[in-house]
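A short worksheet on the structure shown next.
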Amino acid sequence: MINGIKPTMSTTTKLRIKPTSFDEAMNVFCDKLEENCKPYVDKFNHMDSVQFRPDGGMKYIKVKSFEDKVNTEYHDDGTITKTIVKATRGSIHCFVDKTTGDIYKPAGWKSPYTKGNNAIRGNIYDSSTFEKTDLHGGWLYAR
């Protein structure tokens, strides 16, 4: 306590990192997810690319993944037509707390799993927590 005032400890203070804006940290997080998924996506002929984008929420931001598929049509004359089908709905990859930047695994489409002592899987302000991410969110379940 300093002069009777107790300082508040934020997540960035505990991690000893430079505070950045939430939007900037979220963009870095989504870019890192895409970068780590690129080698996995390149292995398959039926997938073109994957994008991760934040989607709104009151307290928790949904991070959705959008997989662009390659639709291959084989014709009778021997020609092959490939078209890219863009994903519109997406699937939930994880949830991020707006106030702290903590990352949670999804409990369902609408809410994160917040029960227990190990509910927090990382933080968007600490880049070391999401270095080994994957396309399907397995890094959220490994402990």
Side-chain angles (χ1 to χ4, degrees), residues 1-75 79-143:
M1 287 185 42
I2 302 168
N3 296 334
I5 301 170
K6 183 178 179 182
T8 57
M9 293 291 287
S10 67
T11 304
T12 55
T13 306
K14 291 177 192 174
L15 295 173
R16 299 179 190 267
I17 56 175
K18 181 181 174 185
T20 59
S21 72
F22 180 81
D23 294 334
E24 182 182 334
M26 182 62 85
N27 289 336
V28 169
F29 174 59
C30 291
D31 290 344
K32 186 66 174 174
L33 288 172
E34 289 177 15
E35 178 185 322
N36 289 350
C37 291
K38 182 87 171 114
Y40 181 78
V41 171
D42 290 341
K43 292 180 186 178
F44 297 103
N45 295 332
H46 68 278
M47 291 172 54
D48 182 53
S49 64
V50 176
Q51 294 88 30
F52 290 90
R53 286 183 255 153
D55 193 23
M58 295 297 285
K59 183 174 180 183
Y60 299 103
I61 304 289
K62 296 177 187 176
V63 177
K64 289 184 173 182
S65 65
F66 295 89
E67 297 178 10
D68 295 339
K69 307 281 186 183
V70 176
N71 188 11
T72 307
E73 295 180 25
Y74 298 95
H75 302 286
T79 60
I80 300 172
T81 307
K82 292 187 178 186
T83 56
I84 296 175
V85 180
K86 297 277 187 187
T88 56
R89 274 192 74 200
S91 61
I92 300 295
H93 185 74
C94 64
F95 285 87
V96 177
D97 190 345
K98 275 185 179 179
T99 56
T100 61
D102 292 334
I103 302 169
Y104 296 91
K105 66 182 182 178
W109 182 258
K110 293 184 178 182
S111 63
Y113 179 79
T114 57
K115 298 176 183 169
N117 294 336
N118 61 348
I120 299 172
R121 304 302 174 155
N123 193 293
I124 63 171
Y125 296 108
D126 184 15
S127 61
S128 66
T129 61
F130 49 86
E131 285 180 352
K132 297 181 180 179
T133 59
D134 61 355
L135 176 63
H136 303 291
W139 66 282
L140 296 167
Y141 296 90
R143 276 285 163 171

Test side chain to side chain contact (heavy atoms under 4.5 Å, CB included) applied to Y60 and K98, step by step
CA-CA 6 Å; Y60 299 103; K98 275 185 179 179; over 6 Å; no

Please assess E67 against S65 for the test side chain to side chain donor-acceptor pair (under 3.5 Å), listing each intermediate value before the final yes or no.
CA-CA 6 Å; E67 297 178 10; S65 65; 5.0 Å; no

Decide side chain to side chain contact (heavy atoms under 4.5 Å, CB included) for V63 and F29; before the verdict, give the C-alpha distance in whole Å, the side-chain angles of both, and the deciding distance to 0.1 Å.
CA-CA 10 Å; V63 177; F29 174 59; 4.1 Å; yes

Before you tell me yes or no, could you show the steps for F52 and D31 under side chain to side chain contact (heavy atoms under 4.5 Å, CB included), namely the whole-Å CA-CA distance, both residues' side-chain angles and the distance that decides it to 0.1 Å?
CA-CA 8 Å; F52 290 90; D31 290 344; over 6 Å; no

When you look at V70 and M47, which way does the side chain to side chain contact (heavy atoms under 4.5 Å, CB included) test go after all the steps?
CA-CA 6 Å; V70 176; M47 291 172 54; over 6 Å; no

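For the pair P112/P106, no side-chain contact is recorded, criterion being any heavy-atom separation below 4.5 Å from C-beta on. Within the 4.5 Å cutoff, the side chain of T81 has no heavy atoms near those of the T72 side chain. Two residues are said to be in side-chain contact when any heavy atoms from C-beta on lie closer than 4.5 Å; L33 and H93 meet this criterion.
D55 pairs in a salt bridge (Lys or Arg N to Asp or Glu O under 4.0 Å) with only one of the listed residues (K62, K64, K110), which is K64. Among D42, V41, N36, the single residue meeting the side-chain contact (heavy atoms from CB on, under 4.5 Å) criterion with K38 is D42.
One finds a salt bridge joining E35 and K32 here, because a Lys/Arg side-chain nitrogen approaches an Asp/Glu carboxylate oxygen to under 4.0 Å.
Rounding to the nearest 0.5 Å gives a distance of 12.0 Å between CG of D68 and NE2 of H46. Between S49 atom OG and K69 atom NZ the span is 11.0 Å, to the nearest 0.5 Å. Separating the CZ atom in F95 from the OG atom in S111 is a distance of 6.0 Å, to the nearest 0.5 Å. Rounded to the nearest 0.5 Å, atoms OH (Y125) and CG (D102) are 10.0 Å apart. Here the NZ-CG distance, from K115 to N118, works out to 13.5 Å after rounding to the nearest 0.5 Å. Between the OG1 atom of T79 and the CD atom of E73 there is a distance of 9.5 Å, given to the nearest 0.5 Å.
Because its NZ or CZ atom is not both nearer than 6.0 Å to the ring centre of Y104 and within 45° of the ring axis, R121 does not count as a cation-pi partner of that residue.
Judged purely by atom type and a 3.5 angstrom limit, T129 uses its side chain to pair as donor or acceptor with the backbone of D126. At distances below 3.5 Å, not a single donor-acceptor pair connects side-chain atoms of K105 with backbone N or O atoms of I120.
Between the side chains of D97 and T99, at least one donor N or O sits under 3.5 Å from an acceptor N or O.
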